[in-house]
Amino acid sequence: MGFEYAPAPESRAIVDIKPSYGLFINGEFVDGNGTSFKTINPATEEVLAEVAEASDADVDEAVKAARRAYTRVWSRMSGAERAKYLYRIARIIQERGRELAVLESIDNGKPIKESRDVDVPIVAAHFFYYAGWADKLKYSGYGETPLGVAGQVIPWNFPLLMLAWKIAPALACGNTVVLKPAETTPLTALLFAEICQQADLPPGVVNIVTGAGETGRAIVSHPDVDKVAFTGSTEVGKAIARAVAGSDKKVTLELGGKAANIVFDDAPLDQAVEGIVNGIFFNQGHVCCAGSRLLVQESVADEVLERLKRRMSTLRMGDPLDKNTDIGAINSGEQLMRIRELSEIGDAEGAERWEVACDLPTKGFWFPPTLFTGVSQAHRIAREEIFGPVLSVLTFRTPSEAVEKANNTPFGLSAGVWTDKGSRILSMANRLRAGVVWANTFNKFDPTSPFGGYKESGYGREGGRHGLEAYLKGADQ
Ligand code: NAD
């Protein structure tokens, strides 16, 4: 694709992947009940390590450790003392940033330039940000009383970043944690466990248990878990909401999305094209808030599409560890099948597929950057989350039509607006039913800014002052 670039691989010598990993419970790595699963490099299908699969009994041990640490140590410690640990963790993340980025790219498939320049810096920023809150909770508006033990389950698309979004606010507020990373990306969470040891975090404050859906189910339904925080698919989110209904567990759910990225005819088109590319091809489109529906004003649609295709043809796909790579591997064979299946449904429903012509590596899981035109709102590729590098293009004539189409979805996580007019940005932002609306930019994340959805995208907010609410009992208790 595009220019020939000489290979510029980041060395993987900096990471030390062990042949097998146990569970991190009460500050130590333990064997668990003995069953295990493999985690692979999705770019090569090479087996990276055997990872313990936590049983119900293992989860129970982890919850007990978290409860002990909560009652004896963490909830009794002053906010200023807790902050010292969080700052220490944040600094170690920065110091070991290269190692974390390389490991994330190897286990997840995302390009090193994203893990190095986006994921890891924002992870550190989250710990710094919430460290700052730990001794200022009385100004939070949500009280200062922690909830207890938090059970947290996260997905594979931003393994370390989702861990940071969950653990940093929980610890800052005085809660302890049992966290499960996704089964295809457990390695950076296990490296984070080592960082907790290095930071001398009291044993049991953070427990990391690996496993698949059954382990997740054991965490969220454990009777001694006070708070459930989940990021993942809407389907599993609904199952969790049912599982905790009737208990007094507090729940936050961050689920799927099908965001509209809306380009008006007065937008700076080259910038908009960069934003469209960033919106849907960043992280192979494995982004809950991805701009997966492009709504482009009819009068500029042809021009935008022409520029977009030209830009897409310059994207470099391949080795995630190469510093020039823009598009890495799809995270798993299962996800690749889902992307293929939905794209084939797009063909069958009459949309027109265009994809970047490129040689796909023979090993690993790959899908070329793709767009569909001739998409109507009834098409499944306009309604369902594909969670891959596939853009559905629709057109509109008036701002009202854009709003109506953008909101015509069961989701409501994010949206983008591209226009020269500030007044139009504000009026669109008011009318779009989305938790985050980006204007003349897309996929920007900052720890000070709350993030979360409407409708089937979930409930609760993560990030910012609002993110504290999920981990505190409330102002009047
Ligand atoms: P998933 O729901 O299958 O899995 C997410 C996590 O839940 C994994 O750790 C999995 O092991 C666990 N899990 C599976 N079944 C469970 C159960 N019954 N009980 C408890 N835990 C269970 O989703 P995925 O395929 O890993 O991730 C992709 C989805 O996540 C997409 O739909 C995406 O939109 C969503 N996502 C949302 C956000 C957000 O912030 N809103 C962020 C990232 C991903």
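One-based numbering along the sequence shown. We count ligands from 1, going down the list as the structure has it; atoms in each ligand are counted the same way. Keep in mind the model is a prediction, meaning the values are calculated, not measured.
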**Study point:** Pairwise side chain to side chain donor-acceptor pair (under 3.5 Å) hits with a residue in residues 242-257, at least two apart
**Key:** K227-T252
Check your understanding: Is there a donor-acceptor pair under 3.5 Å between the side chain of S140 and the backbone N or O of Y142?
Key -> yes
**Study point:** Residues E104 and T188: side-chain donor-acceptor under 3.5 angstrom
**Key:** yes
Side-chain donor-acceptor pairs under 3.5 Å in residues 428-439, sequence neighbours left out?
unit_1	atom_1	unit_2	atom_2	d
R431	NH2	S400	OG	3.1
W438	NE1	K444	O	3.2

Please report, to 0.1 Å, the donor-acceptor pairs under 3.5 Å made by any side chain of residues 162-174, with sequence neighbours excluded.
unit_1	atom_1	unit_2	atom_2	d
K166	NZ	T231	OG1	2.7
K166	NZ	E462	OE1	3.3
K166	NZ	E462	OE2	2.6

Practice item. Please check if any side-chain donor atom of D60 sits under 3.5 Å from a side-chain acceptor atom of H222, or the reverse. Key: yes
Revision key, fill the gap. Pocket residues around ligand 1 (non-hydrogen, under 4.0 Å) come out as V153, I154, P155, W156, N157, K180, P181, A182, E183, A212, G213, G216, R217, F230, T231, G232, S233, V236, I240, E254, L255, G256, C288, E385, F387, L413, F451
